[in-house]
> 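Pasting in a structure now, in structure tokens, and then I'll have a few things to ask.
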Amino acid sequence: MLEKKIAELLNDQINKELYSAYLYLDFANYFEDEGLDGFAHWYEIQAQEERDHAFMIRRYLLDSGHRVTFGAIDKPDKVFKTHLDPLLAGLEHEKYVTSLITAIYAEAFAAKDFKTMQFLDWFVKEQGEEEKNADDLIKKMKLFGSEPKGLYMLNQELAARVYSPATANE
Ligand code: FEO
């Protein structure tokens, strides 16, 4: 059994990951509306990955002998004025998620809960990758996104993203 506080934080994190999926699907809705199907596809895959993260944490809690309980998922409420706005919001969101993972890790460290630290190692690495991906996308958008041909090419590039289910064994 995990310490109660750590189990609660992990339980909350399931909600945050499902919210992340919801948020990125909302970004995809926006890009569909804008006719940028490659951007929409990229965020659909991002949403699938976030759902995977939620499932992984749920499974970890259950396998550690804890009950999982769900609360309401917040409504994504961002309004975008430019194509860059969701990308910036995505990076901000990932930084926030990194802070949450770091906080759980710190609790596990303080409790000498090495099992949870080992479980969270994958998430620490994943957050580093997600922040980098979000930042790379912003850089590309700033470089190429302001003229139609560049935006078209970027949309094509993002359309090629392939979903591969996340597992903690990567
Ligand atoms: Fe599951 Fe993008 O953090």
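Just so you know, ligand 1 is whichever comes first in the structure, and atom 1 is the first atom listed for that ligand. Throughout, numbering of the chain's residues begins at 1 and tracks the sequence.
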> Do the rings of Phe31 and His83 sit parallel, tilted or perpendicular, given the 30° and 60° boundaries?
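Correct class here is tilted.
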> Please work out whether the ring planes of Tyr60 and Phe119 are parallel, tilted or perpendicular, with thresholds of 30° and 60°.
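Tyr60 and Phe119: parallel rings.
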> In plain terms, say whether Glu92 and Lys78 are close enough for a salt bridge, that is, a side-chain N and a carboxylate O under 4.0 Å apart.
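Salt bridge between Glu92 and Lys78, a charged N being under 4.0 Å from a carboxylate O: no.
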> Under 6.0 Å from the CD atom of Gln156, do we count more than 12 heavy atoms belonging to anything else shown?
yes
> Return the number of protein N, O or S atoms with a distance to atom 2 (Fe) of ligand 1 smaller than 2.8 Å.
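Of the protein's nitrogen, oxygen and sulfur atoms, 4 lie under 2.8 Å from atom 2 (Fe) of ligand 1.
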> First locate atom NE2 of His41, then atom OH of Tyr163, and finally report the distance between them rounded to the nearest 0.5 Å.
12.0 Å
> Going by distance alone, is a donor N or O of one side chain under 3.5 Å from an acceptor N or O of the other, for Glu44 and Gln48?
no
